[in-house]
Amino acid sequence: MYIINLGLIREGVPMDKYDKVVELGRRRGFFWPSSEIYGGVAGFLDFGPMGAMLKRNIERRWREVFIHQHHGLVYEIETPVIMPAKVFEASGHVENFTDVVVECMQCHKRFRADHLILEQVGEVKGIEGMTNEELDALILEKGVRCSDCQGQLSKISKFNLLFRTNIGPYSENVAYLRPEAAQGMFVNFKGIFNSMRERLPIGLAQIGKVARNEISPRQGPIRLREFTIMEVEFFFDPKSPGCTLIDDVADLKLRLLTEDMVKSNESEPIQVCVSDALKEGYIKTEWLAYFMALSSKFISELGAPVESQMFIGKPPEERAHYSAQTFDQLVKLERWGWVEVSGHAYRTDYDLSRHMQYSGQDMSVFRKYDAPRKVKVLAAKPRVEAIGADHGKNTGKVLSVIKGIEASTLRSKLSSGPAEIEGVLIKPDYVEFYEKEEAQAGERFIPHVAEPSFGADRLTYLALECAYSEREDRVVLRLPSSIAPVSVSVFPLVNRDGIWEKAYSIYRDLKGLGIIAEFDDSGSIGRRYARSDEIGCPYAVTVDYQTLQDDTATIRLRDTWEQLRVPIRELRGFLQGSLQMR
RNA sequence: GCGGCCGUGGUCUAGUCCGGUCUAGGAUAAAGGCUUCCCAAGCCUUGGAUCCCGGGUUCAAAUCCCGGCGACCGCACCA
């Protein structure tokens, strides 16, 4: 037998697809654990020549589908992996990406300290702001114990999934590696909005590395500490949330497990078209639905069958801190079950509002009314005589205090008598409130955000697992031709009589056209087809004796092993057509 | 991080229980050549393993013991 234990036995159990893909991944240069010569390190992955090409192709397709096909609406940007601490304080990651954990010293179970205290002591005021030492003291004082075996608890340890580092030589200059690319889009929103002629909606996209210091990553390429994320932050006006492209996908069927279905423990998704999902209120906003539809098509293109895909609504307690609605797109893998390949979050105005608050920069945009509106505005008119009588020379100071505060705020402060504002005692009779009419051209608001987010590394694994197949004891990677690392192999049937030279020149010509081509003249022709199949190359061109007579060659199709005879001058058109090249 | 289980050329493995016969065997893959052939055929040649790392026991360790690292499974964790 030629083949390496395809599907035979590993420790008494048959190899599953994961084992086989991992084995192939190493053998053919797709991927393997990182820093392997030093023992490897969990949660990091190296991509080899074939893997890197495959991953790039997936990224390229994503870029085409989500960015280039929406040019004028979605733009790609690039921002650093390292950002100052402030950014992630604003985003909520410093606070919410942290778990305060205690461990039972007897049975080694771990608990979230705050949850355990709430459970055994009840509400404790100010628990959120407590330091580790204060929490330790509280646990000791109230006699909080392991809820499982009553064992004594360890001291508190904090897990923050952010990778921390310093900028420059000063340790107090703290920075973090981004756990998502999104913040780079949010902090740049206003500037880009301005330079792109203040158009809304606008999407900003990024493909780049992110890092999350997972406590215990498992599942090989599925859960990594460093990975490539592909994200769109799509900014829109919450008062005009309609998606202009929704008609393109209205009839597309989505397999959905709604939030309500999750709550009632249902596991069989319903199948609804996009327009019905919106009508029924399963998906709260049109742009989110639109991107979910795109994602569904995209994942199908990578080779995942529709019946092994679904979207699952995340209940509030499982959602990220910024999200008002989240759907995870899941794909069923043989070993890992349903695995998240993309997340679709309705982030509302959370991030922009927070950055506005933390940076002091205005993140709002202007919405013009159809026609200017007359609005009644409360105005405050200072009574100079009354103020002058009390303050004499300092009247000016008091006047500026009154002018510097919004009329309605001032009125509520004065509603129960004199109030001290900015160190000045203001009496109600200092001001006269009245309503005036003002014409307003529009109003300011903070855009809302719909975010589709993908992990490129998982998708690479997914594509490999979906493509993996065996035929007559050989591995055939049925990768979609749009993402296959190598597009065509060229073989001389024999290495003599000028056939080698002819094949080699075809190979050179194809490469010159920008087609990724490989040349193989070693071993038997069958062996070469087999090698080509293993790296998922969809086409093999073989030059034989007939080529020398009529300038045709055979194209052998990977998935059917069928052969077509094609004039060499038509090769280019055939390949470029089949490879979906532009 | 806890418990279980495992770690031998690129890959898959034999050997480990019961230490020596292992200067680690096989298959496959790879490189070179022959064969000139349409699906891993065959033949010849070559390279490739300090048996995961470190320590210990012993005259002697892939094999026994301890520690570490890593994979997988279960638990916990998973913005």
Side-chain angles (χ1 to χ4, degrees), chain A residues 1-13 15-16 18-20 22-29 32-44 48 88 91-99 101 103-112 148 154 157 159-162 178-180 182-183 210 212-220 222-223 225 314 318-323 326 335 340 343 345 453 471-476 491-497 499-500 521-534 540 542-546 554 556 558 561-563:
Chain A
M1 284 271 84
Y2 337 116
I3 295 305
I4 9 86
N5 259 354
L6 278 191
L8 297 188
I9 305 285
R10 182 192 60 139
E11 297 157 34
V13 292
M15 284 175 81
D16 63 10
Y18 175 77
D19 287 325
K20 292 174 179 179
V22 166
E23 189 268 328
L24 179 72
R26 161 164 278 128
R27 202 156 43 79
R28 287 301 183 191
W32 53 84
S34 199
S35 300
E36 217 184 3
I37 63 167
Y38 292 104
V41 45
F44 296 88
F88 298 107
S91 72
H93 284 95
V94 169
E95 188 189 338
N96 295 303
F97 222 42
T98 305
D99 287 340
V101 179
E103 185 174 331
C104 170
M105 298 204 281
Q106 199 169 297
C107 71
H108 300 292
K109 282 233 159 71
R110 302 181 139 231
F111 305 91
R112 290 249 327 237
D148 218 49
S154 70
S157 50
F159 290 109
N160 190 306
L161 302 200
L162 291 172
R178 61 184 181 187
E180 55 173 10
Q183 298 309 322
V210 300
R212 302 174 182 187
N213 203 357
E214 301 281 356
I215 294 166
S216 163
R218 293 278 178 84
Q219 307 174 317
I222 302 302
R223 217 164 121 216
R225 289 188 164 118
K314 306 276 274 184
E318 285 182 33
R319 288 202 289 261
H321 57 276
Y322 47 69
S323 177
T326 297
R335 179 181 296 187
E340 178 192 346
S453 170
R471 177 170 184 177
E472 295 175 17
D473 274 344
R474 299 174 9 181
V475 174
V476 180
F491 306 142
L493 185 63
V494 295
N495 293 330
R496 62 176 195 197
D497 302 331
I499 287 179
W500 189 94
D521 62 357
S522 101
S524 72
I525 191 77
R527 177 180 293 264
R528 288 177 254 162
Y529 285 139
R531 277 196 280 248
S532 177
D533 287 344
E534 275 204 334
T542 301
V543 173
D544 54 17
Y545 284 103
Q546 196 181 327
T554 61
R556 179 264 195 186
R558 176 195 65 200
W561 295 8
E562 148 193 28
Q563 286 187 329

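Below, chains carry the letters A, B, ... as their sequence lines are ordered, and counting in each starts from 1.
The same atom, C1', is picked in B:rC73 and in B:rU8; the two are 23 Å apart, to the nearest Å. Comparing the same atom, P, in B:rA62 and in B:rG19 gives a spacing of 13 Å after rounding to whole Å. B:rC52 sits 32 Å from B:rC43 when the P atoms are compared, rounded to a whole Å. Atom P of B:rA29 sits at a distance of 15 Å from the matching atom of B:rU11, rounded to the whole Å. For the C1' atom pair drawn from B:rU23 and B:rC66, the interatomic distance equals 29 Å after rounding to whole Å. The P atoms of B:rG70 and B:rC2 are separated by 12 Å, rounded to the nearest whole Å. B:rA61 and B:rG55: their C1' atoms are spaced 13 Å apart (whole Å). B:rA41 and B:rC34 have their C1' atoms separated by 14 Å, with the value rounded to a whole Å.
Along RNA chain B, the nucleotide nearest A:P33 and the nucleotide nearest A:R223 are compared for position; the residue whose nucleotide lies closer to the 5' end is A:P33. Comparing A:D544 and A:V41, the nucleotide of RNA chain B nearest to each residue sits closer to the 5' end for A:D544.
Applying the 3.5 Å distance criterion, the base of B:rC38 shares no donor-acceptor pair with the side chain of A:R556. You won't find any donor-acceptor pair under 3.5 Å spanning the side chain of A:E472 and the base of B:rA40, going by distance alone.
Among the atoms of the strands shown, none is found under 4.0 Å from any heavy atom of A:F491. Using a 4.0 Å heavy-atom distance criterion, A:N495 is classed as a base contact. Contacts of A:D533 with the nucleic acid, taken as non-hydrogen atoms under 4.0 Å apart, are absent. When heavy atoms are screened at a 4.0 angstrom cut-off, A:R28 is found touching base atoms of the nucleic acid. Looking at heavy-atom distances under 4.0 Å, A:F44 makes no contact with the nucleic acid at all. Across all strands, A:S91 comes closer than 4.0 Å to no nucleic acid atom at all (heavy-atom distances). A:E36 comes within 4.0 angstrom of no nucleic acid atom, judged by non-hydrogen atoms across all strands.
Dashed line: the shortest gap from a side-chain N or O of A:S524 to OP1 or OP2 of B:rC37 is not under 4.0 Å. Residue A:R527 places at least one side-chain N or O closer than 4.0 Å to OP1 or OP2 of B:rA29. The shortest distance between the side-chain N/O atoms of A:Y545 and the OP1/OP2 oxygens of B:rU36 is not below 4.0 Å.
Annotation: cation-pi pair A:R335/A:Y18 absent, no NZ/CZ under 6.0 Å from the ring centroid and within 45° of its normal.
Between the CD atom of A:E23 and the P atom of B:rG9 there is a distance of 13 Å, rounded to whole Å. Following rounding to the nearest Å, A:D19 (CG) and B:rC6 (P) show an atom-to-atom distance of 16 Å. In this structure, the CZ atom of A:R26 is 13 Å from the P atom of B:rU13, given to the nearest Å. Here B:rA27 presents its P atom at 18 Å from CG of A:D473, a figure rounded to the nearest Å. Distance A:N213 CG to B:rG1 C1': 14 Å, rounded to the nearest Å. As rounded to whole Å, 6 Å separates atom C1' of B:rC37 from atom CG of A:L493. Straight-line distance from the CH2 atom of A:W32 to the P atom of B:rG10: 13 Å, rounded to whole Å. Protein atom CZ of A:R474 is 9 Å distant from nucleotide atom P of B:rA41, rounded to whole Å.
In secondary-structure terms, RNA chain B builds stems of at least 3 consecutive Watson-Crick or G-U pairs, each pair having both distances under 3.5 Å, at B:1-4 with B:72-75, B:10-13 with B:25-28, B:30-34 with B:42-46, B:52-56 with B:64-68.
Checked by atom type and distance alone, the side chain of A:R528 pairs as donor or acceptor with a backbone atom of A:G523 at under 3.5 Å. Side-chain atoms of A:N495 come within 3.5 Å of backbone N or O of A:D521 as a donor-acceptor pair.
When distances run from any side-chain atom of A:R531 to the nucleotides B:rU36, B:rA30, B:rA40, the shortest one goes to B:rA30. Picking from B:rC37, B:rC39, B:rU11 the nucleotide with the shortest atom distance to the side chain of A:R27 gives B:rU11.
When all heavy atoms of A:N160 and A:L162 are compared, the pair lying nearest together is OD1-N, 2.7 Å.
Contact of the A:R225 side chain with the A:S34 side chain is not registered, since no non-hydrogen atoms from C-beta on lie closer than 4.5 Å.
Aromatic ring pairs are classed by plane angle as parallel below 30°, tilted from 30° to 60° and perpendicular above 60°; the pair A:F88 and A:H93 is perpendicular.
A:E534 has no carboxylate O lying under 4.0 Å from a charged side-chain N of A:R474, or vice versa, which leaves the two without a salt bridge.
Here A:R556 pairs with A:D533 under the salt bridge (Lys or Arg N to Asp or Glu O under 4.0 Å) rule; sequence neighbours left out. Checked against salt bridge (Lys or Arg N to Asp or Glu O under 4.0 Å), A:R319 has the following partners two or more places apart in sequence or in another chain: A:E259.
Here CD1 of A:I499 is found 11.0 Å from CD of A:Q546. Values are rounded to the nearest 0.5 Å.
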